[in-house]
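Structure first, commentary second.
Note that ligands are numbered from 1 as they come in the structure, with each ligand's atoms numbered from 1 the same way. Just so it is clear, the structure is predicted and the values come from calculations on it, not from any experiment.
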Amino acid sequence: MIQLEGVNKHFGHLHVLKEINLTVKSGEKLVVIGPSGSGKSTLIRCMNLLEKPSSGKVTVDGVEITAHKAQVAKVRQSVAMVFQQFNLYPHKTVLENLTLAPMLIKGVPKEEAMETGMAYLNRVGLKEKAGVYPSQLSGGQQQRVAIARALAMRPKIMLFDEPTSALDPEMIQEVLDVMIDLAHEGITMVVVTHEMGFAKTVADRVIFMDEGQIMESNSPDQFFANPTHERTKSFLSRII
Ligand code: ADP
Ligand code: MG
């Protein structure tokens, strides 16, 4: 579903991604961990062209998105992203947050967009909040809306960039529960997170990034029981 081949990313003199090769299968749940600044966000942002690699090739669902003529808008329809800072439209109601992109980008009729929007709000347990504004919601609720909004585009791939890092501790589980529920559905998921419980229960594979490279890649069982690299071990000892 996602393939990165020899991907490099430079920001000025900073070499942030170094010859990354990575394949994510259809339906796979991949968890990405690693220290701050190691390139995790840049890596997943290259999967929907929020960042363009300096070199190398990214293929999503059979389409080379790094090709010259790739259509960014099209790519983003099938690859949705959920951010640490929710990024909801503050002047739109919750339901409008869900209907906007399907109507504008996909041309879905309003009635249908609203119906689908309500169905996804129901799924994240927030149907009764359809008419309120994001500022009237808790952080956990806002993030659940952000997930519902991403789902409303019916993407094939969901990218999550530390979706619970900005939340108060008591709100983390409600967001993880929505993600766990989603994981059971067969959608392809790439999740940057430091929630190791989530990684252990949901991930098919965990990769550890350090200084722009994938240092380790393994099933969660192996990854946590037998980390092979010193850096993985010391990272795990600091966060678990
Ligand atoms: P992580 O998500 O693992 O914390 P990032 O991918 O955000 O790491 O960042 C990797 C490195 O690239 C960091 O040194 C960061 O400061 C730098 N970086 C990220 N985005 C930009 C940017 N738009 N411009 C310049 N430097 C950036
Ligand atoms: Mg990051």
Side-chain angles (χ1 to χ4, degrees), residues 2-24 29-58 60 65-66 70 72 75-76 79-88 139-140 142-143 146-147 150 155 157-169 171-172 175-176 179 188-199 202-203 205-218 220 223-224 227 229-240:
I2 309 170
Q3 189 167 25
L4 278 71
E5 295 165 84
V7 167
N8 287 279
K9 179 67 183 178
H10 298 265
F11 288 114
H13 64 279
L14 262 186
H15 194 179
V16 173
L17 295 179
K18 300 171 183 163
E19 284 294 318
I20 300 281
N21 294 301
L22 175 67
T23 302
V24 185
K29 323 297 169 209
L30 178 72
V31 165
V32 182
I33 67 172
S36 176
S38 58
K40 304 178 301 295
S41 294
T42 307
L43 175 79
I44 67 166
R45 290 165 69 89
C46 283
M47 296 175 182
N48 71 347
L49 291 186
L50 277 180
E51 298 291 352
K52 199 171 179 351
S54 309
S55 66
K57 200 165 142 180
V58 180
V60 171
I65 65 173
T66 39
V72 176
V75 172
R76 302 232 177 100
V79 191
M81 168 112 68
V82 173
F83 302 88
Q84 188 174 337
Q85 300 291 347
F86 335 131
N87 293 0
L88 296 173
Q142 288 187 54
Q143 192 61 300
I147 294 171
I157 299 164
M158 288 278 282
L159 308 174
F160 292 86
D161 194 357
E162 302 203 33
T164 59
S165 295
L167 298 176
D168 292 334
M171 293 172 187
I172 291 176
V175 171
L176 292 177
M179 293 168 64
T188 306
M189 286 169 74
V190 181
V191 184
V192 178
T193 185
H194 292 153
E195 292 295 329
M196 294 303 116
F198 177 84
V202 171
R205 187 155 54 112
V206 180
I207 64 176
F208 174 68
M209 284 196 73
D210 196 32
E211 296 181 358
Q213 291 176 303
I214 297 172
M215 298 290 291
E216 188 144 351
S217 166
N218 225 327
F223 188 93
F224 292 109
H229 289 273
E230 231 17 82
R231 293 213 186 153
T232 318
K233 287 182 202 166
S234 86
F235 180 76
L236 288 176
S237 73
R238 272 180 281 130
I239 63 162
I240 290 179

**Asked** Taking the six-membered ring for Trp, are Phe235 and His229 ring centroids under 6.0 Å apart?
**Response** no

**Request:** For the pair Glu216 and Arg231, find out whether any cationic side-chain nitrogen is under 4.0 Å from an anionic carboxylate oxygen.
**Result:** no

**Request:** Give a yes or no on whether atom 15 (C) of ligand 1 lies under 4.0 Å from any heavy atom of the protein.
**Result:** no

**Prompt:** Do you see a donor-acceptor pair shorter than 3.5 Å between the side chains of Ser41 and Asp161?
**Reply:** yes

**Asked** Does Thr42 bring an N, O or S atom to within less than 2.8 Å of the Mg ion (ligand 2)?
**Response** no

**Message:** Please list the nearest protein heavy atom to atom 7 (O) of ligand 1 with its residue and the distance rounded to 0.1 Å.
**Reply:** Ser41 CB, 3.6 Å

**Request:** Starting from atom 24 (N) of ligand 1, locate the nearest protein heavy atom and write down its residue, its atom name and how far away it is, to 0.1 Å.
**Result:** Phe11 CD2, 3.4 Å

**Request:** Just let me know how Val16 lines up against ligand 1, side chain, backbone, both or neither, with a heavy-atom cut-off below 4.0 Å.
**Result:** side chain

**Item:** Numbered atoms and elements of ligand 1 in range of Pro35, under 4.0 angstrom, heavy atoms
**Value:** 3 (O)

**Request:** Measure the spacing between CG of Asn48 and CE of Met81 and express it to the nearest 0.5 Å.
**Result:** 4.0 Å

**Complete:** Quick note on ligand 1: atoms under 4.0 Å from a heavy atom of Thr42 include exactly 5 (P), 6 (O), 9 (O)

**Asked** Just checking, any donor-acceptor pair under 3.5 angstrom between side chains of Asn8 and Ser54?
**Response** no

**Message:** Geometry only, no angles: is Gly39 polar-contacting ligand 1 at N/O separations under 3.5 Å?
**Reply:** yes

**Complete:** Here the atoms of ligand 1 under 4.0 Å from any heavy atom belonging to Leu14 are 14 (O), 17 (C)

